[in-house]
Amino acid sequence: MNCLTHLPNLLSYSRALVAVLIVLFGSIFSDGLVLFFICFAVLSDVFDGVLARVLDCQTDFGAKLDPICDGIFVMGILYFILVREGISVFYFWALLVRYVVISWYHYELLSKGQKQLSSLWTGKWSSGLMMACFVYYFAQMSGMSLPFLDMVFPYFIGVTGVMLLVSWVFYFQRYLILSRLISSTEYC
């Protein structure tokens, strides 16, 4: 195994590191530097899976690591924004509950013998929409503005919130279906 095969997982880890750096030091970083870190993290999310496929080094560990690092990134950046703006961290706690419950679904299924659990398209879209919101927010803080985006951004936030709820429902449905399937095969 060569060094390049570790690159996809390193890209995943980098998202968690970016979140920690921004939460701890974001208030002393310039808005431009924070925007750079956010864009890097978003690109790492796009390219970690692509690189894993191109380098033919997809692993179960990498498939589990990606959504965990996505969650750490989203939660860290959301927390930073809410504290920075003086907004209630209720939204942080609500999203944290969503991530914890979905992680519990995965843990339960894995502990019952389910081997393959990949991210659902709704989860990927939810994370992608959240990351797009972060890019927009920090671009605005850096002085960049596009009037059309400024106008539609509140609706985009609404769509993102709905998608987060929809993905939770999809993960719950998968959990119920696979739990029943596992239970029915245990009694045969």
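As the structure is a computational prediction, the values presented were derived from the model and not from experiment.
Ser88 places a side-chain N or O within donor-acceptor distance of the main-chain N or O of Phe90, the cut-off being under 3.5 Å. In terms of modelled atom types and a separation under 3.5 Å, the side chain of Arg98 and the main chain of Leu165 share no donor-acceptor contact.
In the hydrophobic cluster analysis, where Ile, Leu, Val, Met, Phe, Trp and Tyr join through side-chain heavy atoms closer than 4.5 angstrom, Ile28 is grouped together with Leu21. Clustering ILVMFWY residues whenever any of their side-chain heavy atoms sit less than 4.5 angstrom apart, transitively, puts Phe172 in a cluster other than the one holding Tyr107. Residues Leu17 and Ile72 are members of separate hydrophobic clusters, defined by side-chain heavy-atom contacts under 4.5 angstrom among Ile, Leu, Val, Met, Phe, Trp and Tyr. No single ILVMFWY cluster, assembled from side-chain heavy atoms under 4.5 Å apart, contains both Ile68 and Ile22.
Salt bridge status for Asp66 with Lys124: present, with a side-chain N to carboxylate O gap under 4.0 Å.
Nearest heavy atoms, Phe80 versus Ser27: CE1-N, 3.7 Å. Counting all heavy atoms, side chain and backbone alike, Arg15 lies closest to Asp48 at NH2-OD2, 3.0 Å. The two residues Ser14 and Phe40 make their nearest non-hydrogen contact at OG-CE2, 3.4 Å. Nearest heavy atoms, Val89 versus Leu82: CA-CD1, 4.0 Å. Across Ser119 and Tyr171, no two heavy atoms sit closer than the pair CA-OH, 3.6 Å. Looking at every heavy atom in both residues, Tyr99 comes nearest to Ser127 through OH-OG, 3.9 Å.
There is a side-chain donor-acceptor pair under 3.5 Å between Glu85 and Tyr137. Using a 3.5 Å distance cut-off with no hydrogens or angles, the side chains of Ser126 and Ser167 do pair a donor with an acceptor. Counting only N and O atoms by type, the side chains of Asp150 and Tyr136 include a donor and acceptor under 3.5 Å apart.
Counting heavy atoms from C-beta outward, Ser44 and Ser12 have side chains that stay 4.5 Å or more apart.
Atom CZ of Phe156 sits in a crowded spot, with more than 12 heavy atoms from other residues, nucleotides or ligands closer than 6.0 Å.
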Next on the checklist: Run the ring-ring contact (aromatic ring centres under 6.0 Å, His included) test on Phe29 and Phe37 for me, step by step, so that the C-alpha distance in whole Å, both residues' side-chain angles and the decisive distance to 0.1 Å come before the verdict.
Outcome noted: CA-CA 10 Å; Phe29 290 161; Phe37 279 136; 5.7 Å; yes
Item to check | Leu11 vs Leu51, side-chain contact (heavy atoms from CB on, under 4.5 Å): CA-CA, chis, key distance, verdict | outcome: CA-CA 10 Å; Leu11 285 173; Leu51 276 176; 3.6 Å; yes
Checklist entry - Can you check side-chain contact (heavy atoms from CB on, under 4.5 Å) on Leu149 and Gln140, steps first, answer last? => result CA-CA 10 Å; Leu149 288 179; Gln140 280 283 54; over 6 Å; no
Checklist entry - Given Ser179 and Lys112, is the side-chain contact (heavy atoms from CB on, under 4.5 Å) satisfied, shown in steps? => result CA-CA 8 Å; Ser179 289; Lys112 291 179 179 180; 3.9 Å; yes
Next on the checklist: Using side-chain contact (heavy atoms from CB on, under 4.5 Å), reason through Leu164 and Trp168 one step at a time and then give a plain yes or no.
Outcome noted: CA-CA 6 Å; Leu164 285 164; Trp168 193 351; over 6 Å; no
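Residues satisfying the salt bridge (Lys or Arg N to Asp or Glu O under 4.0 Å) criterion with Asp31, sequence neighbours excluded, are Arg84.
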